[in-house]
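Single-structure report; data block below.
Everything numeric in this text was worked out from a predicted model, so none of it was measured. Lettering follows sequence order; numbering is per chain, from 1.
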Protein chains: 2
Amino acid sequence: MARKYIDNPNACSLVHTMNIIGNKWKPIILYLLSNGSMRFGMLNTLIPTISKKVLTNQLKELENDGLLLRQSFAEIPPRVEYSLTEKAVGLLPVLKMLSDWANDAYPEMKFEQCRIIENGKKLAYNNVYKN
Amino acid sequence: MARKYIDNPNACSLVHTMNIIGNKWKPIILYLLSNGSMRFGMLNTLIPTISKKVLTNQLKELENDGLLLRQSFAEIPPRVEYSLTEKAVGLLPVLKMLSDWANDAYPEMKFEQCRIIENGKKLAYNNVYKN
DNA sequence: AATAGTGGTAACCCAAAAGTAACTAATGGC
DNA sequence: GCCATTAGTTACTTTTGGGTTACCACTATT
């Protein structure tokens with residue numbers, strides 16, 4: 001009687017990956033931070049539809065999972081910089097592949113080019129997220 | 001005054017990808033089906049912790065997004081076979097990279113090897129999911 | 001004296017996702 | 001005549017994720 005093997009050596013780690021980044025906001029956060037470190041308020045501005053509470057929460061979880069580095073400066077008003085860890089940097093090419101896949105698999109969707117411009121101090125990215 | 005560009009040409013398609021596969025069950029379903037087509041009951045058995053209602057739902061969504069092919073045979077008792085579309089096959093290497101990344105980034109987790117064995121007709125995979 | 005600016009937190013609410021248990025249709029086998 | 005079998009569905013409950021508003025601490029600026 002023949003044996004049939006169903007082999008998923010990767011299913012469990014895949015589940016883990018999805019637990020870490022498979023939600024509404026985290027891939028975007030990682031993508032934004034791939035441009036370099038960024039302050040909390042900047043992230044909040046660049047993702048205008050996220051609430052502060054949720055952004056705080058996502059950042060905390062990403063930090064706990066070792067994907068983000070959080071640097072808090074003792075200044076007034078406060079300044080907190082978030083940046084990617086090595087782990088997270090290793091994930092970027094895969095995220096790129098995921099988005100490339102979508103562009104390829106759903107050409108009819110013509111995904112927007114999310115180019116966001118900061119001009120000078122604050123006004124420019126204000127302009128952008130107002131649009 | 002220097003302009004600073006924050007470029008995410010991929011953010012939107014990435015969001016789309018996450019909407020399609022970024023949840024608890026879908027990557028596992030795709031991974032299981034990468035071994036070939038499979039019946040509803042088999043999927044239900046191999047993912048013992050999913051409820052039938054949710055499995056039905058996930059399969060329906062995957063089918064609607066063009067990742068799964070559903071073949072229903074007019075037999076009694078009913079037989080329904082699910083298999084991957086070309087789109088989904090194109091996604092497999094990326095899923096592989098995601099799981100490889102987790103294995104690499106979290107070596108301390110020592111993810112289980114999810115090897116599931118079907119022996120003959122039914123008993124074997126019964127044995128497996130009972131464990 | 002008042003206000004703006006920053007990175008949060010606390011209390012509360014809501015909708016969507018997921019889980020549970022019972023039920024169905026149609027047939028073959030006992 | 002009765003049960004097992006399969007791929008669901010239905011109705012109901014629970015859990016989760018996310019959203020909203022208000023508030024705080026501390027200082028520089030007006």
Checklist line | N/O (side chain, A/K24) to phosphate O (OP1/OP2, D/dG19) under 4.0 Å | finding: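 It does, given that an N or O in the side chain of A/K24 lies less than 4.0 Å from OP1 or OP2 of D/dG19.
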Notebook entry, point to check: Reckon A/R39 has a side-chain N or O less than 4.0 Å from the OP1 or OP2 of C/dG5?
Noted result: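 Negative; the distance criterion is not met.
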Check: So, do B/S83 and B/L68 sit near enough that their side-chain heavy atoms are less than 4.5 Å apart?
Finding: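 No - every pair of side-chain heavy atoms lies 4.5 Å or more apart.
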Checklist line | A/K87 side chain vs A/L67 backbone, donor-acceptor pair below 3.5 Å | finding: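 No, the answer is negative, given that no donor and acceptor are paired below the 3.5 Å cut-off.
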Next item on the list: Please answer whether the main-chain N or O of A/L69 pairs with a side-chain N or O of A/T85 as donor and acceptor at a distance below 3.5 Å.
Entry: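 No; judged by distance alone, with no hydrogens or angles, the pair does not exist.
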Specify the separation, in whole Å, of atom [atom1] of [X] and atom [atom2] of [N].
X: B/N57; N: C/dA16; atom1: CG; atom2: P; result: 13 Å
X: B/M18; N: D/dG18; atom1: CE; atom2: P; result: 13 Å
X: B/M42; N: D/dT5; atom1: CE; atom2: P; result: 16 Å
X: A/N44; N: C/dG5; atom1: CG; atom2: C1'; result: 14 Å
X: A/I76; N: D/dC24; atom1: CD1; atom2: C1'; result: 12 Å
X: B/K52; N: D/dT6; atom1: NZ; atom2: C1'; result: 8 Å
X: A/R79; N: C/dG8; atom1: CZ; atom2: C1'; result: 16 Å
X: B/N19; N: C/dA16; atom1: CG; atom2: C1'; result: 14 Å

Note to self: Would the base of C/dA10 count as contacting A/K53 through its side chain, where contact means a donor and an acceptor less than 3.5 Å apart?
What the structure shows: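 No pair found.
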Note to self: Base, sugar-phosphate or nothing for A/Y82? Non-hydrogen atoms, less than 4.0 Å.
What the structure shows: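 Answer is sugar-phosphate: A/Y82 comes under 4.0 Å of backbone atoms only.
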Margin query: Within the 4.0 Å heavy-atom criterion, would you say B/Q58 contacts the bases, only the backbone, or no part of the nucleic acid?
Written below: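 Sugar-phosphate only.
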Look at the side chain of [X] and decide which nucleotide, out of [options], has an atom nearest to it.
X: A/P78; options: C/dG7, D/dT9, D/dT6; value: C/dG7
X: A/K60; options: C/dT9, C/dG19, C/dG5; value: C/dT9
X: A/F40; options: C/dG7, C/dG5, D/dA7; value: C/dG7

Check: If you find the nucleotide of DNA chain D closest to A/W25 and the one closest to A/P77, which residue's nucleotide is nearer the 5' end?
Finding: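 Upstream on the strand: A/W25.
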Note to self: I'd like to know if B/R70 and B/E81 make a salt bridge, using a cut-off of under 4.0 Å between side-chain N and carboxylate O.
What the structure shows: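 Judged by the 4.0 Å cut-off on N to carboxylate O distance, B/R70 and B/E81 do not form a salt bridge.
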Note to self: Can you classify the ring geometry of A/Y82 versus A/F40 as parallel (below 30°), tilted (30 to 60°) or perpendicular (above 60°)?
What the structure shows: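 Geometry flag for A/F40 against A/Y82: tilted rings.
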